[in-house]
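Because the structure is predicted, anything quoted here is derived from the model rather than measured.
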Amino acid sequence: FWAGVGALERNDELGIDLRSLAGAGYGRYLLQTGRALWSATAGLSVVNEQRAGDEASETNLEGFLNTEFE
């Protein structure tokens, strides 16, 4: 299955006015029964940070891994 991620964050203690994240990845069900569902997802995301008092922003490409068990 395909997965999408997104987030908007602000952290005054670290001096971050806005941290935006958008990405996509591919996942697979590792276990699928009537009582349990276990999946794993991996992908890439683009992160942009705007710091307080700084006109320039910083953009990074990051990888992510996720697993869920229900």
Side-chain angles (χ1 to χ4, degrees):
F1 62 88
W2 290 97
V5 295
L8 296 173
E9 300 174 345
R10 179 183 180 145
N11 191 323
D12 293 330
E13 293 176 0
L14 296 177
I16 297 174
D17 278 344
L18 177 64
R19 182 177 194 263
S20 54
L21 176 142
Y26 184 75
R28 185 165 179 93
Y29 292 108
L30 305 174
L31 175 68
Q32 193 172 12
T33 68
R35 295 180 49 128
L37 181 64
W38 182 24
S39 65
T41 310
L44 294 173
S45 61
V46 176
V47 179
N48 183 289
E49 288 186 356
Q50 298 174 352
R51 298 201 175 264
D54 193 359
E55 303 249 345
S57 64
E58 181 179 321
T59 303
N60 295 308
L61 182 66
E62 299 179 354
F64 68 87
L65 297 172
N66 182 55
T67 184
E68 290 186 36
F69 184 80
E70 298 178 28

If you apply the rule side-chain contact (heavy atoms from CB on, under 4.5 Å), what do you find for L18 with L8, and how did you get there?
CA-CA 7 Å; L18 177 64; L8 296 173; 4.2 Å; yes
Residues forming a side chain to side chain donor-acceptor pair (under 3.5 Å) with D17, sequence neighbours excluded
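D17 satisfies side chain to side chain donor-acceptor pair (under 3.5 Å) with no residue once adjacent residues are dropped.
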Which residues share a side chain to side chain donor-acceptor pair (under 3.5 Å) with T59, sequence neighbours left out:
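Scan of T59 (side chain to side chain donor-acceptor pair (under 3.5 Å), adjacent residues dropped) gives N48.
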side-chain contact (heavy atoms from CB on, under 4.5 Å) against A56, all qualifying residues, sequence neighbours excluded
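A56 satisfies side-chain contact (heavy atoms from CB on, under 4.5 Å) with D54 once adjacent residues are dropped.
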Could you work out, with side-chain contact (heavy atoms from CB on, under 4.5 Å) as the rule, every residue matching E13, not counting sequence neighbours?
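Only N11 meet the side-chain contact (heavy atoms from CB on, under 4.5 Å) criterion with E13.
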Through direct or indirect side-chain contacts below 4.5 angstrom among Ile, Leu, Val, Met, Phe, Trp and Tyr, which residues connect to [X]?
X: W2; result: Y26
X: L14; result: I16
X: L21; result: V5, V47, F64
X: V46; result: L44, L61

Excluding sequence neighbours, so at least two apart, what forms salt bridge (charged side-chain N to carboxylate O under 4.0 Å, His left out) with E9?
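Checked E9 against salt bridge (charged side-chain N to carboxylate O under 4.0 Å, His left out); matches are R19.
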Can you pull out every side chain to side chain donor-acceptor pair (under 3.5 Å) where at least one residue sits in residues 60-70? Sequence neighbours excluded, please.
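Checked against side chain to side chain donor-acceptor pair (under 3.5 Å) - neighbours excluded - the pairs reaching residues 60-70 are W38-T67, E58-N60, N66-E68.
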Salt bridge (Lys or Arg N to Asp or Glu O under 4.0 Å) pairs, two or more places apart, involving residues 26-46:
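Every pair satisfying salt bridge (Lys or Arg N to Asp or Glu O under 4.0 Å) with a residue in residues 26-46: there are none.
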Please walk me through it: do F69 and S39 pass side-chain contact (heavy atoms from CB on, under 4.5 Å)?
CA-CA 7 Å; F69 184 80; S39 65; over 6 Å; no
To the nearest 0.5 Å, what is the distance between CG (L65) and OG1 (T41)?
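Output value for this atom pair is 9.5 Å.
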